[in-house]
There are 2 protein chains.
Amino acid sequence: MARPRKPLLSRDRIVEAAGALVDAEGLDAVSTRRLAAELGVSGPSLYNHFRNKDEILDAVADAVSVQVDLSMFEESDPRDWREALHDWALSYRAALAAHPHIVPVLARGPGRRPAGLRVADAVFGAMVGAGWPPAQATRIGALMRYFITGSALGSFAGGFVDDESAYDPADYPHLGQAHLLAERRREVDEGAFETGLRALLDGLAMQYGEYGPPGESVRRAPKRP
Amino acid sequence: MARPRKPLLSRDRIVEAAGALVDAEGLDAVSTRRLAAELGVSGPSLYNHFRNKDEILDAVADAVSVQVDLSMFEESDPRDWREALHDWALSYRAALAAHPHIVPVLARGPGRRPAGLRVADAVFGAMVGAGWPPAQATRIGALMRYFITGSALGSFAGGFVDDESAYDPADYPHLGQAHLLAERRREVDEGAFETGLRALLDGLAMQYGEYGPPGESVRRAPKRP
DNA sequence: ACCTGAACACCGTTCAAGT
DNA sequence: ACCTGAACACCGTTCAAGT
């Protein structure tokens, strides 16, 4: 066959197929040979479009970052940082939850991934715009990513086995109901995320009072901005 | 050679060597052949002691969980849940930070790993003992794990490339200083963890008020269950 | 430029054979 | 019981050859 007059592959086609494979069968299912077969070509063909397999997975991860809504950072009053952060966190988590198997790649950080950098840029810019000192804005970007990727990386409830005999009361006196977690997985994980997000934002709002909103030299502590 | 009169291997020796390899060169460096070579045996020998490679990595992960201090949950007044949670979080994070490459395995949850289950048992038991309703105690265990493993999984600062030209101001107007993050990695990551942990605990303390301290039979209805 | 098959140096795991 | 080498069905990546 050699070279066809119209290319069989493109970066987009490869990323799409790789993403589908990751979603359907997990990261381990993605081998260059398997992926190439799925695309109807031979393994080495992929190397005409990507330098290596990691670059393909990076592109899959970035395609997920593209799904994260950032509009709340442009549209709203900069002083509504709490609400913007809340909405962004929900959107971010939803994007990751839809593609859980790629989260370990995404959690390595933005690197040179454009969409990952856009997310970081938007959050940092919005926090600085809201009056947070740059060092605090950086920390907020970091701690939000910790919490969001941590929640998307491994289901808490799903991390417990669905087998009552695994929880010997002599060893684990308080885990008598743990075997029930698995079947209430969504509920537990989403509840924990909501509780944690609210706690995080409440706590940050308290700290915001220490730094104060921009443009005023004296201010009251915000109750729940 | 065949079978020696004294076994060459033991589960402990294998786990120790695997852990050292993970720490030194990362998860990808652990192959059964490489690990066996490190132990002076042939690859298949490992299968006399573990069912498969995943079981070996699970054991490495559990050896890290063993390092997590849980004494604060036994010693202190149950009402000091906030301080106990704080100290536990620091100990947990320190254990993970010492072995960052195994965190992805650990983040999958306790499964059947004894030390992982002991951690979950201690936190849940302590929160219930402090007066949190069981459903909230579960959520607290979950959200703390999200935050802690998220912070240990990927360095935030280290996730940005150390190359100024990667941050075109036209694309990322607020990331002009991002290339400096890498060299202040520890400071940034630890600062974010401390800020986030404080926010989380402050926020949880606010929610604790909604449920009320233990030992009272009448409490106010929670505003935001 | 873009695909191919062959090749290299690896994998995880199974299994019969050895003591 | 615990180790071995051989074997199976895979890997990621390189490269010369084809059009």
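For clarity, every value in this text was computed on a predicted model and none was experimentally measured. Proteins get letters first, then strands, A, B, ... in listed order; numbering begins at 1 in each.
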Task: Whole angstrom value for the distance that separates P of D:dT13 from CG of B:Asp28 - done: 11 Å
Going by atom type alone, with no hydrogens or angles, which donor-acceptor pairs under 3.5 Å involve a side-chain atom of residues 114-124 of chain B and a protein atom two or more places apart or on another chain?
from, atom 1, to, atom 2, distance (Å)
B:Asp121, OD1, A:His174, N, 2.6
B:Asp121, OD1, A:Leu175, N, 3.4

TODO: Check whether any side-chain heavy atom of A:Glu25 lies under 4.5 Å from a side-chain heavy atom of A:Arg34, and answer yes or no.
DONE: yes
- [ ] Nearest whole angstrom, please: distance from the C1' of C:dC3 to the NZ of A:Lys6.
- [x] 15 Å
TODO: Drop me the distance from A:His86's NE2 to A:Met72's CE, to the nearest 0.5 angstrom.
DONE: 10.5 Å
Task: Check: B:Met144 and B:Leu85 side chains under 4.5 Å, non-hydrogen atoms - done: yes
- [ ] Check the distance between D:dA17's P and A:Asn48's CG and give it to me in whole angstrom.
- [x] 17 Å
Task: Interface with DNA chain C, restricted to residues 19-26 of chain A and to heavy atoms under 4.0 Å - done: none
Open item on the list: Restricting to non-hydrogen atoms, name the atom on A:Tyr92 and the atom on A:Val68 that form the minimum distance, rounded to 0.1 Å.
Closed with: CD2-CG2, 3.8 Å
Open item on the list: Taking 4.0 Å as the cut-off, does a side-chain nitrogen or oxygen of A:Thr32 come that near to OP1 or OP2 on D:dC11?
Closed with: no
- [ ] Classify the angle between the aromatic ring planes of A:Trp81 and A:Trp132 as parallel (below 30°), tilted (30 to 60°) or perpendicular (above 60°).
- [x] perpendicular
Task: Flag side-chain contact, heavy atom, 4.5 Å: B:Asp189 against B:Ser151 - done: no
Task: Carboxylate-amine/guanidinium proximity below 4.0 Å for A:Asp58 and A:Arg112 - done: no
Open item on the list: Could you check whether A:Phe193 and A:Phe147 have their ring centres less than 6.0 Å apart?
Closed with: yes
Open item on the list: Can you tell me if A:His49 touches the phosphate of C:dA1, counting only side-chain N or O atoms and a distance under 4.0 Å to OP1 or OP2?
Closed with: no
TODO: Say whether, by atom type as modelled, one donor and one acceptor occur between the side chain of B:Glu55 and the main chain of B:Arg51 under 3.5 angstrom.
DONE: yes
Strictly under 3.5 Å: I want the nitrogen or oxygen pairs between protein and nucleotides 7-10 of chain D, one per line.
none

Open item on the list: Nearest 0.5 Å, please: how far is CD in B:Glu190 from CG in B:Leu90?
Closed with: 10.0 Å
Task: Value in whole Å for how far the C1' atom of D:dA1 lies from CZ of B:Arg11 - done: 16 Å
TODO: For D:dA17 versus C:dA1, give the span between their C1' atoms, rounded off to a whole number of Å.
DONE: 14 Å
TODO: State the dot-bracket string of DNA chain D. Criteria: Watson-Crick or G-U wobble, both atom distances under 3.5 angstrom; notation: ( ) intrastrand, [ ] crossing earlier pairs, | interstrand, . unpaired.
DONE: ||.|||||...|||||.||
- [ ] Using only side-chain N and O atoms of A:Ser42, determine if any of them is under 4.0 Å from OP1 or OP2 of C:dT4.
- [x] yes
TODO: Could you check which of D:dT13, C:dT13, D:dC3 has an atom nearest any side-chain atom of B:Lys53?
DONE: C:dT13
Donor-acceptor contacts under 3.5 Å from residues 6-22 of chain B side chains, at least two apart:
from, atom 1, to, atom 2, distance (Å)
B:Ser10, OG, B:Arg13, N, 3.1
B:Arg11, NH1, B:His49, O, 3.0
B:Arg13, NH1, B:Leu8, O, 2.6

TODO: Please work out which residues in residues 100-109 of chain B have a non-hydrogen atom less than 4.0 Å from an atom of DNA chain C and list them by number.
DONE: none
- [ ] Report the distance from atom CG of A:Asp54 to atom C1' of D:dT13, rounded to the nearest whole Å.
- [x] 13 Å
Open item on the list: Quick check for you: among D:dC3, C:dC3, D:dT13, whose closest atom lies nearest to any side-chain atom of A:Leu8?
Closed with: C:dC3
Open item on the list: Output the rounded distance in Å from CZ (B:Arg51) to P (C:dT14).
Closed with: 11 Å
